[in-house]
Amino acid sequence: MIKLSIKDENIIKAREYAREIVNSLSWLMSDYSSVSIERTVLRLMRIDGIFDSTPLPNIVIDLLSERNVLDRGAAYWIANAMIYKNASAQEVAESISKDEFDPTKIPTMPDEKVFETLEKLTTEMLKHIKSQNKFREESYAKFGPRKKPAIYVIVATGNIYDDVVQAKAAAREGADIIAVIRSTAQSLLDYVPFGATTEGFGGTFATQENFKIMRKGLDEVGEEIGKYISLTNYASGLCMPEIAAMGAIERLDVMLNDAMYGILFRDINMKRTILDQYFSRMINAYAGIEIQTGEDNYLTTSDAIEKAYTVTASQLINEQFALISGLKHEKMGLGHAFEINPKIENSFLYELSHALLTHTLFPDSPTKYMPPTKFATGNIFRTHLLNGMFNFISQITDQGVQLLGMMTEAIHTPHLVDRAVAIENANYVFKATKDFSNEFQLSKDGFINQRANLVLDETIGFLKKVSEKGLFKAMKNSDFADIKRTETGGKGLDGVFKKSDNYFNPFMEKMKLELGI
Amino acid sequence: MIKLSIKDENIIKAREYAREIVNSLSWLMSDYSSVSIERTVLRLMRIDGIFDSTPLPNIVIDLLSERNVLDRGAAYWIANAMIYKNASAQEVAESISKDEFDPTKIPTMPDEKVFETLEKLTTEMLKHIKSQNKFREESYAKFGPRKKPAIYVIVATGNIYDDVVQAKAAAREGADIIAVIRSTAQSLLDYVPFGATTEGFGGTFATQENFKIMRKGLDEVGEEIGKYISLTNYASGLCMPEIAAMGAIERLDVMLNDAMYGILFRDINMKRTILDQYFSRMINAYAGIEIQTGEDNYLTTSDAIEKAYTVTASQLINEQFALISGLKHEKMGLGHAFEINPKIENSFLYELSHALLTHTLFPDSPTKYMPPTKFATGNIFRTHLLNGMFNFISQITDQGVQLLGMMTEAIHTPHLVDRAVAIENANYVFKATKDFSNEFQLSKDGFINQRANLVLDETIGFLKKVSEKGLFKAMKNSDFADIKRTETGGKGLDGVFKKSDNYFNPFMEKMKLELGI
Amino acid sequence: MSIIIDSKRIKPYGDRLDDGRMQFSFSLPAPCNEVGKEAAKILLTKMQLNDIEICYLSDLGEGFTHFIAYASTSETIDLTKINVKVVDTPVMDMKATDEFIEKEIGHSIKIVGACIESDAHTVGIDAIMNMKGYDHRYGLERYKYFDATNLGAQVPSEELLRIAVDEKADVILVSQIVTQRNIHIKNLTRLIELAESEGIRDKFLMICGGPRLNHELAIELGYDAGFGTGSYAKDVASFIAFRMVERNKN
Amino acid sequence: MSIIIDSKRIKPYGDRLDDGRMQFSFSLPAPCNEVGKEAAKILLTKMQLNDIEICYLSDLGEGFTHFIAYASTSETIDLTKINVKVVDTPVMDMKATDEFIEKEIGHSIKIVGACIESDAHTVGIDAIMNMKGYDHRYGLERYKYFDATNLGAQVPSEELLRIAVDEKADVILVSQIVTQRNIHIKNLTRLIELAESEGIRDKFLMICGGPRLNHELAIELGYDAGFGTGSYAKDVASFIAFRMVERNKN
Ligand code: B12
Ligand code: B12
Ligand SMILES: Cc1ncc(COP(=O)(O)O)c(C=O)c1O
Ligand SMILES: Cc1ncc(COP(=O)(O)O)c(C=O)c1O
């Protein structure tokens with residue numbers, strides 16, 4: 001077996017610093033909420049649809065915010081109105097949207113009744129989510145578990161109907177997981193677009209209807225070929241928890257969800273992001289959805305050798321954030337990427353060392369391995385070969401999810417045929433090298449071991465520094481990805497608010513309870 | 001280091017059987033010669049050119065044969081005539097061609113004079129050949145030794161001028177060795193075509209002029225880029241030793257030269273082939289030319305797993321034949337190939353095991369590794385990837401020469417750009433995996449070791465059987481490649497003759513002496 | 001709702017329906033710079049392509065440059081109008097074929113096969129003829145009702161015909177693998193012309209095969225059938241059986 | 001003797017001079033059989049290609065098939081007639097550029113740069129502008145005589161122009177990496193049109209860059225220059241220096 005020689009105590013040390021970093025933010029989670037969390041609550045209460053092209057959850061939350069009553073939590077106001085109007089949550093929201101009704105301007109209903117209403121709505125929704133999880137579990141039981149490494153490909157035509165055709169084709173060719181890539185910068189929208197969409201740039205909008213359409217397509221093809229095909233999208237950006245909820249409702253299986261990506265790469269406010277990821281991960285955990293983190297992003301702007309430790313550090317921080325939201329290791333798709341400059345001597349050894357380190361640190365997690373992108377050129381033959389070497393490493397280091405590289409990475413979002421060629425590549429390499437790792441022992445003092453230990457040491461040093469300063473201060477000092485972010489800067493801070501004493505989020509309460517956190 | 005665990009005694013045993021097989025044919029080498037050997041003697045005496053489109057060496061040998069005097073060796077008759085006519089060997093041959101002169105119908109000159117003449121001619125030619133070897137050695141000293149694995153690519157346009165352009169381009173991109181592939185079935189011609197040629201199918205005719213043109217082109221580009229570029233062609237078929245001589249004269253550096261290929265795959269008579277390869281290898285040895293054997297051919301018709309031992313057996317037999325011709329291990333490019341069906345699970349492990357076995361048996365030889373061809377399809381992307389995996393194995397098992405696979409293997413002889421893409425592939429993989437093998441130890445009882453030991457065991461069993469029967473009988477029993485060949489069958493037997501007591505081959509004598517065999 | 005394909009005007013599909021996107025790779029004797037890039041664009045423009053993206057160029061030395069490009073065609077193809085000749089006899093397995101011949105003909109069919117002229121690639125014809133067959137499908141030699149002789153590599157056309165006549169063959173199989181400068185077309189044509197000039201063409205079913213052959217081309221060249229990459233013995237066997245029965249009827 | 005290339009009529013070079021050989025890969029909504037293969041051939045025939053070899057086809061599912069083909073074009077290109085606009089100012093290194101500006105202008109040149117509209121790919125513009133530069137070539141920020149501000153990702157065109165006016169910039173740099181459905185052309189056009197409508201286009205040197213841009217296209221879009229894949233800061237820096245001197249002269 002190819003196994004690194006790494007001292008347990010170093011792993012423990014690194015993990016301990018990460019835990020400190022995350023724990024020192026508990027004040028935020030206990031005292032604050034955000035507009036997106038409240039919109040999520042509404043969505044979980046089955047409020048959906050748009051009015052004049054604005055989603056109802058936004059209209060309602062904006063009103064409550066304007067009225068300065070959001071600190072009690074949106075759930076309360078809607079439930080109160082439901083009793084008052086003897087109407088469904090959706091009906092309440094609709095009348096608010098049409099400006100016919102103001103839920104803050106009606107009498108207060110008996111608390112008992114309000115909580116009863118909420119209890120009913122909550123139970124209903126959580127039952128639905130659990131049934132989706134059950135369906136997934138049963139499908140795996142029926143068709144067999146997901147392959148390892150699972151073959152993950154993206155569709156990104158901008159048109160959900162083209163996406164479905166291409167996703168089905170990919171499933172037939174051997175894909176295990178289909179990701180629908182979002183239209184450029186959906187992260188920055190402070191609402192979730194609505195309905196089936198057919199225009200997007202570099203991707204397709206994440207909407208509930210699009211989720212539903214794709215889910216249906218994948219269930220169909222899965223039934224045909226006798227395999228459960230996983231669906232994934234992004235619970236990321238200003239609507240992170242809302243999308244997590246949509247995913248839970250529509251039975252997505254995996255969600256791209258990083259605790260820090262929004263802060264660093266989208267300049268979203270750090271408080272907002274940390275709050276949102278906390279609740280969104282809880283939803284994921286509850287729904288049995290696997291998360292995937294975005295460590296690859298560090299390497300698109302930094303050097304993969306020099307800054308390898310930032311990937312490891314981020315994985316450890318993401319792990320701790322996931323744990324406090326109730327996610328189990330089996331559902332943590334911690335990310336890393338094959339981004340060493342291929343012109344470097346022994347680039348393959350570097351990649352192998354880094355991939356082994358990730359696997360060693362998270363042996364029970366479906367680690368997500370990202371393909372070469374930065375050094376992909378318009379030379380499709382060369383890129384195809386790089387992807388083969390990347391697949392090789394994934395197989396021999398036992399990664400959980402292999403996001404396949406496309407030979408046209410430097411040219412366009414994947415064409416139908418690019419994906420087929422990529423899947424064939426992975427199928428061949430995985431099969432050809434299946435038991436490779438059983439054949440070898442790693443030299444104890446060789447380059448690969450030395451390199452992995454060095455990266456871990458650098459990670460420990462880095463995490464120590466961050467834990468001493470605190471995460472927010474570290475970000476202010478550009479400690480992450482050389483990007484400077486402040487506690488009061490970035491988008492979406494105005495959507496963060498302090499909870500009042502009678503704040504209530506029935507979903508979070510129930511989930512916490514059931515998840516035992 | 002990735003090293004096989006193989007018992008030395010098994011290697012010795014295998015080698016011993018191969019030696020027996022080869023030694024038991026010494027009667028052939030001591031008592032017989034062939035028309036091609038005699039034509040070679042003429043070429044080494046600088047007889048060249050054509051008359052009425054027949055090469056002069058053929059005209060002269062055919063005449064001597066007709067006159068039943070060839071058993072004395074062609075050298076004697078030409079030298080005798082030279083003295084008689086006071087003319088050069090070429091002039092003698094020309095007048096024979098024009099039917100103006102019959103060298104058997106003139107008085108016998110004093111033996112002393114004849115031998116003196118021959119001594120002079122021989123010394124002159126051997127001096128030239130040694131100067132070519134010296135040029136090569138000095139070039140390596142000046143530019144640095146050949147890389148390992150050396151990048152070997154073929155040109156095969158049919159037009160020597162297109163070949164030169166493409167060969168130069170390849171050299172610039174990183175090729176170390178250029179092979180000019182021969183026009184289909186030149187093997188079966190019992191003469192060597194003449195002059196610069198521009199039409200061929202699947203390759204370009206091997207002619208002395210073509211050798212010269214290509215040599216010049218490669219020397220030019222080599223000087224420019226600061227590297228000695230090796231040239232190779234085929235010393236194979238009915239004119240095996242003639243081409244070896246031409247190569248020695250024109251400074252080819254490598255020669256495809258297999259002791260049994262002609263017998264098995266071209267149905268050339270076995271006596272003829274064994275005789276011809278004996279002298280051709282001696283010329284190669286003398287000229288400092290590296291030979292390469294054709295074990296890959298077994299795997300184009302047989303299964304690479306089932307018949308792996310035939311490759312190993314052939315390597316060991318080729319080694320023994322090479323040794324008796326005076327070739328050193330450093331000049332034996334024993335062949336093998338990456339031809340396991342890529343659809344097989346762990347195909348990469350099989351390939352790795354076989355490649356390691358070759359390297360283990362011949363640690364000092366520039367083993368020649370042949371690319372996937374049989375399982376190449378019209379899917380150029382897939383073939384390109386297979387070639388990458390093939391390059392990977394070559395680098396980590398320390399092969400001497402890597403005959404690059406072309407992504408268009410199943411489509412056409414390599415285009416200009418196919419070669420460039422292939423060289424880029426090898427350059428990347430070699431560099432990326434440079435020190436890979438230092439990082440690992442092979443599991444003693446793993447699949448790779450077991451497999452290699454099994455193949456060696458099968459080889460020993462096979463060689464034992466062949467040594468008991470004798471090589472000729474074994475071939476009659478279809479023991480090799482399931483192909484049946486008889487001692488009296490096949491092309492070219494009529495060109496084999498028993499030497500008389502006063503037979504004389506001045507080149508062979510001198511070479512034997514100097515090579516110490 | 002889904003995307004709707006109009007068979008009367010299909011186009012290449014890259015990213016989205018009817019985008020016409022295609023990939024190209026080629027080299028030109030042109031410099032590796034903006035001038036060369038422009039030359040590559042002009043070439044693709046002459047091929048009526050638009051939205052041309054030269055996404056890679058690299059110097060091949062000796063004045064040549066390699067280009068990789070993507071571009072869109074606006075050509076459409078009417079699938080409904082395509083009428084390509086294919087072997088249309090049903091395919092039976094070995095047992096069924098033998099039974100069919102036994103019942104309909106009652107005696108063995110004599111077959112001779114070869115790889116003709118300069119071609120020495122026997123793996124293909126062996127795959128079809130030899131006992132062992134190919135990919136777990138037995139070859140013609142194993143069929144009870146075929147009497148098959150494989151003459152192997154580099155058989156001159158004259159010799160193949162001579163043997164076919166001598167052995168009273170019903171069927172001639174020919175393999176051609178090397179295709180450089182259309183040598184396969186030349187060789188196959190030569191064989192047919194020889195047979196015609198000797199007046200024996202109609203004595204045999206003449207069937208050819210090889211990676212660049214198909215039924216359409218074979219018919220065009222004057223053969224009764226042609227088989228390309230991925231053919232199995234059973235495809236040829238069934239065809240022979242049906243055709244021989246048909247012949248016997250006429 | 002060697003092969004002779006006629007620049008007035010160059011053709012793709014595959015195996016031999018002027019064979020016109022090219023490689024194609026594409027998918028069609030057509031079946032994976034002889035009919036699909038014929039469709040692929042028809043398509044290539046419509047593109048005036050000959051000697052068409054469909055050397056690979058594979059079923060992509062959902063009614064699509066992938067084809068890989070080789071074919072020959074008979075088109076030729078006249079290299080001598082190609083006239084493509086390229087940046088023709090000489091390229092100097094950082095030191096030379098600074099000295100040139102010092103001598104010829106005597107004061108700093110103000111530059112603002114951004115990745116505009118929806119595009120967040122800053123690596124390219126960073127490579128040109130940031131201190132650190134790219135591939136061991138320093139960026140514009142490190143030049144003594146440039147005062148360069150990099151506004152980063154997703155800057156609306158309006159804002160970029162506003163800042164350029166406010167800061168009295170001499171040069172505007174724009175980066176566009178995402179090109180799906182020609183969004184880069186749309187965005188670049190929008191910026192120029194905005195500048196024109198505000199009557200400020202001529203206040204600045206306007207320079208764009210990105211993997212699908214080149215000088216020719218940039219000029220066409222109304223920019224002063226364009227830089228594609230593989231550009232370095234020194235290329236842009238030299239161009240700016242020369243142009244600014246020219247401008248000052250007029
Ligand atoms: C194996 C092989 C060889 C072996 C052949 C051994 C042998 N006994 O057959 C050896 C090493 C001897 C060889 C030599 C050469 N080869 Co070669 N060879 C190949 C290779 C790798 C595989 C061919 C093969 O076996 N395919 C597998 C069989 C099963 O497929 P198939 O032949 O297509 O047959 C199927 C169908 O076509 C059909 N079929 C075929 N024939 C028939 C006949 C009938 C009647 C029917 C019904 C069906 C049928 O059914 C078969 C089963 O499905 C190909 C590359 C490739 N991957 O394709 C090159 C290739 C064919 N060879 C090539 C060349 C150039 C040569 C040489 C000329 C090189 C040289 N200059 O020395 C020599 C000379 C050979 C000669 N005189 O013909 C070129 C041809 C280029 C071209 N397009 O013209 C190729 C494409 C390689 C390349 N890229 O350069 N070769
Ligand atoms: C890194 C990267 C990212 C990073 C960007 C990080 C960052 N801060 O820049 C991240 C991960 C954030 C990202 C995200 C996305 N990306 Co992105 N990304 C890439 C990638 C891998 C490399 C780009 C790169 O950095 N190149 C290196 C630089 C140095 O080269 P360059 O940009 O060409 O710049 C050079 C020249 O063009 C020129 N130049 C460039 N700008 C300028 C300006 C001036 C003034 C001058 C003079 C010169 C100049 O000089 C530079 C140096 O030589 C490419 C794939 C690839 N290999 O090319 C995809 C790619 C560009 N991304 C793509 C897509 C679709 C996206 C997303 C939209 C996906 C999604 N739906 O989420 C998102 C959204 C981004 C957005 N809003 O724009 C597509 C674009 C497809 C297309 N043709 O339209 C690509 C091609 C990948 C793919 N095949 O799908 N991406
Ligand atoms: C964690 C994460 N979220 C989101 C995105 C992209 O989405 P957007 O462009 O909407 O930020 C990425 C892209 O890599 C990512 O890694
Ligand atoms: C040893 C050897 N000689 C010769 C050849 C081919 O040449 P010919 O077609 O002239 O036999 C090969 C081809 O693989 C070979 O391996």
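In what follows, chains carry the letters A, B, and so on, assigned in the order in which the sequence lines appear, proteins first and then strands, with residues in each chain numbered from 1. Since we're looking at a predicted model, the values are computed, not measured.
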A:A156, part contacting chain D, at a heavy-atom distance under 4.5 Å:
backbone
Is it the backbone or the side chain of A:T377 that comes under 4.5 Å from a heavy atom of chain D, or both, or neither?
neither
Can you measure from OG (D:S27) to CG (A:D418) and round to the nearest 0.5 angstrom?
8.5 Å
Please determine whether the number of non-hydrogen atoms from other residues, nucleotides or ligands lying under 6.0 Å from atom NZ of D:K85 exceeds 12.
no
Structural part of A:E224 lying under 4.5 Å from a heavy atom of chain D
neither
Between OG of D:S25 and CE of A:M407, what distance do you get to the nearest 0.5 Å?
5.5 Å
Relative to chain D, which segment of A:S187 carries a heavy atom at a distance below 4.5 Å: side chain, backbone, both, or neither?
neither
Comparing D:E62, D:H66, D:Q180 against chain A, the one with the most heavy-atom pairs below 4.5 Å turns out to be D:E62
What verdict does the side-chain contact (heavy atoms from CB on, under 4.5 Å) test give for A:L188 and D:Q154, after you've listed the backbone C-alpha separation in whole Å, the side-chain angles of each residue and the deciding distance to 0.1 Å?
CA-CA 11 Å; A:L188 300 185; D:Q154 294 186 306; 3.2 Å; yes
Of A:R419, A:R172, A:Q166, A:E173, the one forming a side chain to side chain contact (heavy atoms under 4.5 Å, CB included) with D:L60 is A:E173
With a sphere of 6.0 Å drawn around NZ of D:K186, does it hold more than 12 non-hydrogen atoms of other residues, nucleotides or ligands?
yes
To the nearest 0.5 Å, atom CG of D:D119 lies from atom CZ of A:F201 at 11.5 Å
Under 4.5 Å, counting heavy-atom pairs only, tell me which of D:V123, D:V178, D:I183, D:T229 racks up the most with chain A.
D:I183
Counting only heavy atoms not in D:N83 (residues, nucleotides, ligands), do more than 12 fall under 6.0 Å from its CG?
no
Looking at A:F143, I want to see if its CZ is surrounded by more than 12 non-hydrogen atoms of other residues, nucleotides or ligands under 6.0 Å.
yes
Portion of A:A410 that has a non-hydrogen atom of chain D nearer than 4.5 angstrom:
backbone
Where on A:R266 is there a heavy atom nearer than 4.5 Å to chain D: the side chain, the backbone, both, or neither?
side chain
Is it the case that more than 12 heavy atoms not belonging to D:K110 sit under 6.0 Å from its NZ atom?
yes
Side chain / backbone / both / neither for A:E424 at chain D, heavy atoms under 4.5 Å
side chain
Top residue by heavy-atom pair count (under 4.5 Å) with chain D, among A:T301, A:T184, A:V165?
A:V165
A:K147 atom NZ, over 12 foreign heavy atoms within 6.0 Å
yes
If you count heavy-atom pairs within less than 4.5 Å of chain D, which of A:G202, A:G158, A:A420, A:G378 leads?
A:G202
